[in-house]
Amino acid sequence: MVKDPDDIIVRTVARFMIPIIQLFSLYVYVHGHISPGGGFQGGCILAASFILISLAFNIGEAKKILSGRKNLLFIGLGVFIYAFTGLVPLFVQGNFLDYQHLSQFLPLDPVMARYYGVALVELGVQITVMAVMISLFQDLVTAGRHESILKDRENGIDR
Amino acid sequence: MSRILGIMMVTFFGALLILSTVDFSPWSDPAQPAAVHVSPRYIERTIEETGIPNVVTSVLADYRGYDTLFETSVIFTAGVVVILLLRREKKW
Amino acid sequence: MKAHWPILIVALPLIMSFVTFMTGICYRAAAYHLTVITAAFSTFIAICLFIQVIVEGMTISYHIGGWEPPWGIEYAVDHLNALVLLATSLIGLLTIIHSRKIVAREIGGEKTHIFYALVLLQITGLLGMTVTSDVFNLYVLLEIASFSAYGLIAVGRKGAEFAALRYMIFGTVGAGAYLLGVGYLYILTGSLNMSDLLRLLSNLYGSPTLLAGLLFILLGLAIKMAAFPLHGWLPDAYSQAPASTSTLLAPLFTKVVAYVIIRICFTVFHPSFALHTYPLIPIMGAIVGVGIIVMGVMAIAQSDIRRMLCYIVIAEVGYIILGLAAGNRLGMIGAILHIVYDMFMMALLFNAWATIYEHLKSSHISAWRGISKKYPLEVATFILGGLSVIGIPPFCGFFSKWFIILGLVEGGKWFLLATLLLSTLLAAVCFFRILEQTSLTHGSNTMDDRSEKKTSLSEGVVLASLSAFLIILGAVSGYLVSFIEKIPFLGAL
Amino acid sequence: MPGYITLLPLTAIFLPFVGAALIILTGERKPNLRESWTIVTSFGTFIAITSLIPYVLNGQTVECHIVEIYRGLHLKLKVDAFGLIFALLSSALWFIVSLYTIGYMRSLKEHNQTRFFAAFSIAMGGAIGVALSADLLTQYMFYEILTVSTYPLVAHKESPEARRAGRKYLAYLMGGAVFILFAMAMLYTCEGSLDFHPGGMIEQEGRGQLYRITFLSFLLGFGTKAAIMPLHEWLPSAMIAPTPVSALLHAVAVVKAGVFCVLRVLLYIYGPESLKTLELSFALALIVSLTIIGANVIAITQDNLKQRLAFSTINNLSIIILGALLLNPVSTLGAMLHLVSHGFLKITLFMCAGAIFVQEGKEMVSQMGGIGKKMPYTMAAFTVGALGLIGIPPIIGFLSKWFLCLGAIEVQRTGFLLIFLTSALLDAVYFLPIIYHAFFQRSVEGANINQEAPFLLLLPLMGTAIFSIVFFFFPNFLFHFQELADGASKSIFEGWRK
Amino acid sequence: MISAANILLLILAIITAIAAISVKDLLGAVALLGAFSFFMCLLWAEMGAVDVAFTEAAVGAGVSMAFFVATLYHIARRSRD
Amino acid sequence: MELIVSKFNYWAYIVMILVGLYGMMVKRNLMKKVIGMNIFQWSIILFFISIGAKKGATVPIIIKGTEHAVKAADYINPLPHVLMLTAIVVGVATTGIALALIILAYRRYRTIEEDRIIEALKKR
C-alpha cells in the first residue's frame with residue numbers, strides 16, 4: 001500500500017470511484033433522517049474514499065486534498081460542533097442538547113428545530129469520524145512516520 | 001499461570017451465561033419487557049416530537065443524544081491517543 | 001446557570017478538551033493554562049453542587065435534552081455523588097497543577113496539548129461516571145475514562161505500551177461484562193434509568209437472569225477497579241505509566257469505579273439484594289479480604305516504590321469492599337468515607353513520590369536512602385500520607401478505617417476484620433521501612449548534588465495543601481459522616 | 001468556672017505541637033532560638049496545666065468537646081483528678097528534662113537535633129493528650145501520635161542496632177495498637193460509647209465472655225506499652241537511644257502513658273465491680289506479680305546501668321498496675337502516687353546515668369568504681385533516686401509503697417503484700433551495690449579530682465532529687481499530688497454508675 | 001421461531017470466528033474476521049437492525065479491516081498459536 | 001431439545017462470546033488477542049440486537065403516510081440498535097488503539113508473542 005502500485009487500471013478506477021464514494025457518503029448523511037445512515041456511516045464512507053486514494057496513489061496524494069493540520073483541526077472541530085450545539089440552548093433557559101430551543105435563533109418551529117438540530121450534530125459526527133478514521137489509517141499504515149516515508153519515496157527507497 | 005487464569009475466566013463466563021439464559025423470554029416476543037416499557041414512545045412519537053422518520057436516528061441524536069456525544073468523543077479519544085502514541089513528525 | 005451545574009461539570013471539561021486540542025495545533029503553550037482553568041471551574045461547580053445539596057437536602061435531577069427520565073438521560077446529584085464529585089475534581093485540579101513540570105519533561109513540548117486533552121477527557125469520564133444516573137451512559141463514560149487512561153499510560157517508560165495493551169484487554173473484558181449485565185437488566189425491565197430500574201426490578205428479585213446481570217456488572221466493575229483476583233493489570237500499568245499519569249489515575253480511577261459499585265448495588269438494586277438475598281458483596285468481600293493480605297505482602301516485597309504504592313492502591317480499594325461487605329450502616333459509612341479519603345491519601349503519596357522521582361530520577365528504594373535531609377518537605381509529606389494509609393489517628397485514613405472496623409464488628413465478620421487489621425500492620429511495615437530508609441539512614445554520597453533542581457513553589461503548595469487536607473478531613477469527618485448519613489439508601493440498612 | 005478555662009486543656013495539648021512546628025521552621029540554622037522554643041513551650045504547657053489544679057481540687061471536671069464523629073463517638077478532652085496527675089507529672093518533668101536534653105545534646109554534639117527536638121515535642125503533646133482525653137478514641141489518637149513520634153527518637157543514632165531497636169519498638173507497639181482498635185470497636189458496638197467514667201462504664205450482664213475477650217485485647221494493646229512481662233522485649237532494646245530519650249520513655253511519657261491507659265481501662269472502663277465479677281482482676285494480678293519478680297531478677301544480672309534501670313522500670317510499672325488491681329481506695333491511691341514517685345525517681349536515675357556517660361563515657365556498672373568521688377553531686381542524686389525506689393524514707397518512694405502495702409493488708413491479700421516487699425528487697429539487691437561501688441571502691445583510674453557534670457546537666461537532676469525528698473514531707477506541695485490521687489480513687493470507688 | 005437462514009448464518013459465523021482465532025497466518029485470520037463481521041452484518045440486517053448492519057458494513061468490513069491490514073504491514077505475519 | 005432450539009440464537013451468541021474471550025485471554029499472540037476482542041464485542045452486539053427483535057415487526061423507520069397512527073408493535077425496538085451503534089464505535093476505537101499499541105510493542109521487542117515480550121521484560 002505504501003509501495004507505488006504501478007497499475008494504471010487501479011488508478012483509473014480509483015479516480016472514477018472516489019467522487020462517487022464521496023457523493024454517496026453525502027447521500028448517506030443527508031438521508032440519515034429517513035433511511036438507514038447518518039453521520040457515523042457517512043463519515044466512515046468519506047474516510048474510505050481517502051483511504052482509497054492512499055491505497056491507489058500514496059499518502060501524499062491524500063494529504064494534498066486534506067493536509068495533516070487541517071485533518072487535526074477537523075478531529076476537534078466535529079465534536080466541538082456537536083458539543084457546542086448542545087451548549088447553545090443553555091443560553092435561552094433550555095437544557096443541554098435540547099434542540100427545540102434552537103428555534104429562538106433560527107426561523108423554525110420547535111419540532112423542525114429538533115430536526116435540523118439533529119442534522120447539525122450529525123454533521124459534527126461525520127466530520128470527526130472522517131478525520132479520525134483518516135488519521136488512524138495514516139498513522140497505522142506508516143507507523144506514525146508520514147514524512148520520512150514520503151521522503152524515502154522521493155529518494156527511491158522502497159521500504 | 002495467566003493461561004490457567006484465562007481458561008478459568010472463560011469457564012466462569014460461560015457458566016454464568018448459560019445460567020442466565022434459562023429464563024429469558026422466548027426470542028422475539030413482542031410482549032417482552034424490553035419492547036413495551038421505554039421504546040414504544042420513541043416509535044410512536046418520533047414524528048410529532050422530532051419530525052424524523054428514522055427512529056434510530058431520532059433516538060441516537062435526540063432522545064439519547066448525550067450518549068452519542070460521548071460516542072463521538074470516544075472516536076475523538078481514539079484518534080488523539082493514536083496520534084499521541086504513534087505520530088513522529090517534526091511539524092504537523 | 002445554577003440549574004445547569006450538573007451537566008456543566010461534565011460538559012465543560014469535555015468541550016475544553018476539544019478546545020485544548022484545537023488551540024494546541026497552533027499554540028501549544030496555552031494547553032496547560034486552559035486545563036487548569038477548566039479543572040478549577042469544575043471544582044468550583046462541584047463546590048456549588050455540594051453546597052446546594054446541603055442546602056436543599058434532596059437530589060438534584062437534570063434532564064438532558066429536556067426529555068424526562070426513562071426516555072432521556074438523567075443526571076442526578078445526591079448526597080453520595082456530590083461528595084465524590086468534589087473530591088475527584090479537587091484532586092484532579094491539584095494534580096494537574098502539580099505535574100506541570102513533569103509533563104513538560106516527560107511528554108515533551110510537541111504533544112503536551114494532546115496529553116492535556118486526554119487529561120481533561122479522563123476527568124470528564126470520571127466526573128460523568130459519578131454524576132450519571134443512566135446505566136448505559138455510565139458504560140460510555142467508563143470507556144471514555146478507560147480510553148484516555150490507555151493513552152495516558154502508553155506514553156510512559158519502556159514496557160508501557162505492553163502494560164497498556166494488557167490493561168486494555170482486561171479493560172475490554174470488563175467493559176464487555178458490564179455491557180452484558182446492562183443487557184440483562186434491559187431484557188428484564190426495558191429501562192436504563194437507575195431510579196426507574198430500582199422501581200421495576202423490585203418484583204423480579206427471584207430471577208436468575210437478574211442475578212447473572214448483577215454478577216456480570218460486578219465482574220466488569222471489579223476488573224476496572226482491580227479488585228483482588230482481577231488486579232493483574234494495575235501494578236504494571238500504573239508503574240510503567242509516566243509519573244504525571246500515575247499521579248492522576250492512581251488516586252481517582254479505581255475509587256470512582258468503587259463508587260459506581262456502590263451506586264449500582266445499592267441504588268439500582270434494593271440494598272438487601274446483593275447483601276442478603278444473594279450474598280454477592282459478602283462473597284466478594286471474603287475474596288478481597290484474602291486479597292488485601294496478599295497485596296500487603298506483595299507491597300512489602302517490592303523494591304520499586306511506585307510499584308509498592310500500586311499494590312497499596314489495590315489493598316486500599318479492597319477496604320472499600322470490606323466496608324460494603326459488613327452490610328450495615330457503619331460499614332457503609334466507612335466505605336463511602338474511605339472512597340473520599342483514599343483519593344486524598346493516594347494523591348498525596350503519588351504526588352510526593354513524583355516530586356522526589358523528578359529529583360532523583362529513580363524510584364528504587366535504595367536510591368531513597370537518607371534523602372530526607374535534602375528533600376525534607378517531600379519526604380515528610382510522603383510519610384504523612386503513609387501514616388494516614390496505616391491509620392494513625394489525626395489523619396483521615398484512620399477515621400474511615402475505624403468506621404469500617406465498627407461495621408465489621410457489628411456485622412460479626414471476624415475473618416474480614418482480621419484481614420483488615422493484619423493488612424494495617426503490613427502497610428505499617430511498608431511505610432516505616434521507607435521512613436527508615438529516607439530519614440534514619442545515612443545517605444550514600446554518590447548521588448549527591450547531581451540534581452540541583454528545586455521543588456517549585458506550586459509543587460510545594462500542592463503537597464502542603466494535600467497534607468493539610470489529610471488532617472482537615474480527619475477533623476471534619478464528623479460532619480462528613482452526618483452528611484453521608486443523609487444518603488437515602490442508608491436508611492434501608 | 002470562667003469560660004476560658006475550657007480552653008486550657010486545648011492549649012496545653014496544642015502548645016507542644018506548635019512548639020514542634022516552630023522548631024522545624026527554625027531548623028539547624030539558629031540552635032539557640034530552636035532550643036528556646038522547647039523551653040518556652042514546655043514552660044507554657046506546664047503553666048497551663050498547673051493553672052487547672054484549683055478547679056479540679058474543687059471537685060470540678062473541665063470538659064472540652066472538639067468534634068463529634070458519630071453518635072457517642074467524640075473527640076473530647078476532660079480534666080479529672082487522675083488525668084491531671086499524669087499531665088502534671090509529665091509536663092513538669094518535660095520542662096526539667098528539656099533543660100537536661102539541651103545540655104546533653106550540646107555536650108555530645110549529636111546530629112539531627114532539629115528532628116530530635118521536634119519529635120520530642122510531639123511526643124510530649126501526645127503524652128499530655130493521653131492524660132487529658134475524655135474517651136478512648138481521643139486517647140487512642142494521642143497514644144498513636146506518641147508511638148509514632150517516639151520511633152525516630154529511639155532510632156536516633158541511625159546505626160543498624162538503633163534501627164533494629166526502632167523496628168522492634170514499632171513492631172510491638174503497632175501490633176498492640178491493632179488490638180486496641182479491635183477492643184475499642186467491640187466496646188463501642190456493645191456500649192455505644194467510649195467515654196471514661198469513674199468506676200467503670202460497662203454493663204456486662206450476659207456478655208461476660210465478650211468482655212473477657214475485649215479485656216484481653218486491651219491488655220495486649222496497652223500492655224505492650226506498659227511492658228507487662230511477655231510484651232516487654234522492646235523496652236531494654238530501646239535503651240540504645242540517647243539518655244534523654246530513655247528518660248522520656250521511662251519516666252515521663254511513653255511507658256507511663258501505657259500504664260496510665262491500663263489504669264484508665266481498669267478503673268474507668270471496666271471498673272472494680274466488673275473486674276471482680278468477670279474474675280479478671282485476680283488473673284491479671286498474677287501475671288503482673290510474675291512480671292514484678294521476673295523483671296527484678298533479670299535486673300540483678302544486668303551489668304549495663306541503663307539496662308538495669310530498664311528492668312527496674314518494668315518492675316515498677318507492674319507494681320502500679322498491681323496496686324490498682326487490688327481494687328481498694330488505699331492501694332489505688334498508692335498506685336497513683338507511685339506513678340508520680342517512680343516518675344521523679346527514675347528520671348533522676350536516668351539523668352545521672354546520662355551525666356556519667358557524658359562525663360566519663362561509661363555505661364557499665366562494673367566500670368563505675370569510685371565515681372562517687374569524681375561526681376559527688378550526681379551520685380548523691382543517684383543515691384536519692386535508688387533509695388527512693390527501694391522504698392526508704394524520707395523519699396517519696398516510701399510514701400507510695402506504704403499506701404500500696406496498706407491496701408494489700410486492707411483487702412487481706414498477704415500474697416501480694418509479700419510481692420511488694422520482695423520486690424523492695426530485690427530492688428535493694430541491685431541498687432545498693434552500685435552505690436557501694438561508687439562511693440567506697442577505689443576508682444580504676446585512681447584520680448580523685450572533682451569532675452562534675454556541666455551545670456545544665458546537674459541542675460535538673462539535683463532538682464528532681466530534691467523534689468522527691470520534699471514530696472515525702474509535703475506530698476501536697478505545689479502540685480497537690482496526694483489530694484488529687486485521693487480524690488481520683490474516691491471518685492472511682494464511690495462513683496459506681498449504679 | 002427462528003428461520004433456517006438465521007440458523008445457517010449463526011453457524012457460519014461461529015465457524016468463521018473459531019477459524020479466525022485458530023488460523024496461524026495473521027492475514028488469513030484478519031480475512032476470516034472480515035468474513036465473520038460480514039455474517040454478523042447479514043444477521044443484523046435479517047433481524048431488522050438496518051442501521052447497525054449498515055454501520056457494521058462500513059466499519060467491520062471496511063475501515064476496521066483496513067486498519068488490521070495496515071498494521072500487519074509492520075509486524076510479523078505468522079502467529080505461534 | 002426444545003430448550004436448545006427455541007433459544008438457539010442465545011446459545012449461538014454464548015458460543016461466540018466464549019470464542020472471543022478465549023482468544024483474548026488464552027491466545028498469546030497479541031494480534032490474536034485483538035481479533036478475539038473484536039469477536040467478543042460483536043457477539044455482545046449480537047446479543048443486544050437479539051433483545052430488540054420483535055415478531056411480526058419491521059425495521060424502525062416510520063413508513064410515510066402512517067405518521068398519525070403509528071403502533072409500537074409494528075416496529076422493531078430501536079433502543080438496542082442505538083446502544084449498539086455506540087458499542088460498535090467503541091469497538092472500532094478499541095481496535096485502533098490496540099493496533100497502535102501492537103505496532104509500538106513490535107517496534108520495541110521485535111515480536112508480538114506475549115510470552116516472548118514478558119521474557120524480554122524480565123531480562124531487563
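The chains referred to below are lettered A, B, ... by the order of the sequence lines, with proteins before strands, and numbering in each begins at 1. Side-chain atoms are counted along with the backbone in the values below, which use heavy atoms only and exclude waters and symmetry mates.
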Leading residue by heavy atom contact count with chain F [cutoff under 4.5 Å; candidates B:Thr57, B:Val55, B:Val81]: B:Val55
Leading residue by heavy atom contact count with chain F [cutoff under 4.5 Å; candidates B:Ile18, B:Ile75, B:Thr77]: B:Ile18
Roughly how far, to the nearest 0.5 Å, is the [atom2] atom of [Y] from the [atom1] atom of [X]?
| X | Y | atom1 | atom2 | answer |
| --- | --- | --- | --- | --- |
| F:Ile97 | B:Leu85 | CD1 | CG | 8.0 Å |
| B:Glu71 | F:Leu83 | CD | CG | 10.5 Å |
| B:Thr11 | F:Leu18 | OG1 | CG | 8.5 Å |
| F:Leu79 | B:Tyr63 | CG | OH | 12.0 Å |
| B:Ile43 | F:Lys71 | CD1 | NZ | 12.5 Å |
| F:Ile61 | B:Ser58 | CD1 | OG | 10.5 Å |

Shortest non-hydrogen contact from [X] to [Y]?
| X | Y | value |
| --- | --- | --- |
| B:Ser39 | F:Asn77 | CB-OD1, 2.8 Å |
| B:Val56 | F:Pro78 | CG2-CB, 4.2 Å |
| F:Leu21 | B:Met9 | CD2-O, 4.2 Å |

Chain F contact via B:Val36 - side chain, backbone, both or neither, heavy atoms under 4.5 Å: neither
Contact origin within B:Thr46 toward chain F - heavy atom pairs under 4.5 Å: side chain
Minimum side-chain heavy-atom gap F:Phe40-B:Phe13 below 4.5 Å: yes
Toward chain B, the part of F:Ile17 with a non-hydrogen atom under 4.5 Å: side chain
B:Asp67 and F:Thr86: side chain donor to acceptor below 3.5 Å: no
Greatest number of heavy atom pairs closer than 4.5 Å to chain B - which of F:Met24, F:Arg28, F:His81: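 Highest number of pairs under 4.5 Å: F:Arg28.
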